[in-house]
Amino acid sequence: MHATEYQQQIPFHLANQPVCQIHSIFQNGLNIKSGNCLFFVGTVKNGRLPFGIHLTQEQLKQLLNGIHENSSVSWEPNERSLSFGETGPIVSIVGAEPFDWRISSELVTRELLSDNLAMFVSVLLEEPRVTGLAIDIESWLTRHLEGRSASGLTEQLISALLDVLDSSETNDIEQQLRFVIGRGKGLTPSGDDHLVGLLAIHEATGILSTAFVETLRRLAEKERLTTDIGREYLLYALEGKFSSTVVKAASELTRKTDINMLKTLLSELLDMGHSSGIDTVFGMLLGLLALRRKLE
């Protein structure tokens with residue numbers, strides 16, 4: 001079968017580590033492990049992933065029916081294809097569309113940020129929303145904007161995270177990051193999704209200190225503080241690589257837009273996973289609030 005799209009760097013990674021194994025299987029695809037990297041093979045249900053090879057729903061069904069968890073996987077560089085087992089399915093990227101979704105750097109003025117934050121919050125609060133860490137966004141945001149103390153330990157530590165985003169104090173940064181990384185349930189814990197959203201806004205606006213980014217990179221690379229999949233998303237985000245849904249939403253939040261466009265793109269992101277969408281959006285909110293503080 002021929003994939004429809006793939007992240008353009010994947011063949012280079014696989015050429016260095018051609019012997020792979022199945023890591024995990026889901027309804028909308030599977031992850032394969034190649035060396036220390038994970039790659040996703042599946043549909044675009046959650047957007048085009050920064051480590052994704054994408055198939056149609058029918059192709060995925062055919063693939064999943066032809067493999068099992070212990071199937072061997074190998075990259076065939078000459079055929080530009082993944083072989084599953086000796087006689088199993090073959091996924092070729094010949095003729096597929098390469099992609100590389102990136103967030104452009106933007107100069108955001110106070111006026112633009114004020115307008116976009118107002119629209120963002122309006123969309124976000126159209127209905128009650130609670131993050132995967134059980135933070136009621138409306139209540140938290142109200143307390144934050146009014147300068148009132150956070151309610152409960154998790155909210156206090158999220159507020160403390162905001163305070164170290166542009167810090168040069170590595171110890172303070174590490175303390176807050178150790179609370180957030182891997183925090184929450186699921187394949188991509190909520191804390192990791194918050195950080196991915198935050199890094200997306202940083203990619204556009206440069207809100208984070210070098211010390212913050214490098215401390216996060218060290219913890220993600222050197223320690224096992226989260227799930228394999230959560231770690232993979234963090235490592236890609238640290239390189240400025242995000243899913244297409246994250247790229248579109250973060251890009252729109254940092255340039256002149258209108259509420260209808262913003263609502264459409266945020267809705268796509270909010271629909272992702274059990275809580276991954278809202279957790280990533282909350283991370284973007286933290287990023288914009290940090291930018292607001294920086295521009296004041």
Side-chain angles (χ1 to χ4, degrees), residues 3-10 13 22-34 37-64 82 91 93 96-103 123-124 129-133 182 184-201 203 226-253 262-285:
T4 57
E5 302 170 83
Y6 65 94
Q7 205 286 332
Q8 65 182 20
Q9 295 299 320
I10 289 178
H13 288 293
I22 293 176
H23 176 276
S24 40
I25 300 176
F26 318 100
Q27 246 184 339
N28 64 313
L30 64 139
N31 285 317
I32 60 170
K33 192 169 181 66
S34 167
C37 297
L38 290 181
F39 297 105
F40 175 80
V41 182
T43 68
V44 294
K45 178 177 179 286
N46 291 325
R48 286 139 186 90
L49 303 190
F51 47 96
I53 297 173
H54 293 296
L55 307 174
T56 66
Q57 189 67 50
E58 192 55 44
Q59 287 175 322
L60 175 63
K61 185 178 177 182
Q62 183 184 340
L63 175 62
L64 294 181
L82 282 169
V91 175
I93 63 168
E97 187 74 28
F99 64 82
D100 186 38
W101 284 84
R102 295 283 185 157
I103 297 170
V123 172
L124 204 49
R129 298 191 194 276
V130 178
T131 71
L133 295 182
K185 299 176 182 177
L187 295 165
T188 57
S190 298
D192 298 0
D193 288 327
H194 292 346
L195 291 171
V196 167
L198 188 58
L199 286 165
I201 297 299
E203 189 68 16
T226 186
T227 63
D228 288 347
I229 300 172
R231 177 176 179 269
E232 201 71 20
Y233 273 107
L234 282 176
L235 291 175
Y236 274 97
L238 283 161
E239 297 302 321
K241 297 177 180 179
F242 305 87
S243 71
S244 57
T245 48
V246 169
V247 169
K248 288 189 282 188
S251 298
E252 205 64 28
L253 283 166
L262 201 54
K263 187 172 183 177
T264 298
L265 297 178
L266 286 172
S267 295
E268 288 179 11
L269 184 50
L270 288 165
D271 286 343
M272 272 176 43
H274 177 64
S275 70
S276 273
I278 185 62
D279 290 333
T280 305
V281 167
F282 185 65
M284 292 180 179
L285 176 62

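- The shortest non-hydrogen separation linking G182 to T226 is CA-OG1, 3.4 Å.
- With F51 as reference, Y236 is the one residue of F40, F39, Y236 to meet the ring pair (Phe, Tyr, Trp, His ring centres under 6.0 Å) rule.
- Side-chain contact between E232 and N31 is absent, with no heavy atoms from C-beta onward closer than 4.5 Å.
- Counting only heavy atoms from C-beta outward, the side chains of Q62 and L55 never approach each other to under 4.5 Å.
- A 6.0 Å sphere centred on CD of Q8 holds more than 12 heavy atoms belonging to other residues, nucleotides or ligands.
- In this structure, the side chain of S34 does not engage the main chain of C37 through any donor-acceptor pair within 3.5 Å.
- Between P189 and G230, the shortest heavy-atom contact is CD-CA, 4.4 Å.
- Nearest approach of S276 to D193, heavy atoms of both residues: OG-OD2, 2.9 Å.
- For the side chain to side chain contact (heavy atoms under 4.5 Å, CB included) test, residues two or more places apart in sequence or in another chain that qualify with R129 are L124, E127, I137, L270, I278.
- Residues L63 and L30 form a side-chain contact, since some pair of their non-hydrogen atoms from C-beta on lies under 4.5 Å apart.
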Got a list of side-chain donor-acceptor pairs under 3.5 Å for residues 241-248, not counting sequence neighbours?
residue: S243; atom: OG; partner: T245; partner atom: OG1; Å: 3.0
residue: S243; atom: OG; partner: V246; partner atom: N; Å: 3.4
residue: S244; atom: OG; partner: R48; partner atom: N; Å: 2.8

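- The distance from the NE2 atom of H13 to the CD atom of Q7 is 7.0 Å, given to the nearest 0.5 Å.
- Using modelled atom types, no side-chain atom of T43 and backbone atom of Q57 make a donor-acceptor pair closer than 3.5 Å.
- Taking the side chain as every heavy atom from C-beta outward, T264 and E268 approach each other to under 4.5 Å.
- There is a side-chain donor-acceptor pair under 3.5 Å between D279 and S275.
- Rounded to the nearest 0.5 angstrom, L265 CG and L253 CG are separated by 8.5 Å.
- A 6.0 Å sphere centred on NZ of K263 holds no more than 12 heavy atoms belonging to other residues, nucleotides or ligands.
- Across A3 and I53, no two heavy atoms sit closer than the pair CB-CG2, 3.7 Å.
- Taken from NE2 in H23 to CG in D228, the straight-line distance is 3.5 Å, to the nearest 0.5 Å.
- A donor-acceptor pair under 3.5 Å is formed between the side chain of H54 and the backbone N or O of L49.
- When all heavy atoms of L234 and D192 are compared, the pair lying nearest together is CD2-O, 3.9 Å.
- S24 and I229 get closest at one heavy-atom pair: OG-CD1, 4.0 Å.
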S190/L133 under side chain to side chain contact (heavy atoms under 4.5 Å, CB included): CA gap, chis, key distance, verdict
CA-CA 6 Å; S190 298; L133 295 182; 3.7 Å; yes

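- Interatomic distance, CG of L82 versus CD1 of I32, reported as 4.5 Å (0.5 Å rounding).
- Residues passing the side chain to side chain contact (heavy atoms under 4.5 Å, CB included) test with D271, sequence neighbours excluded: none.
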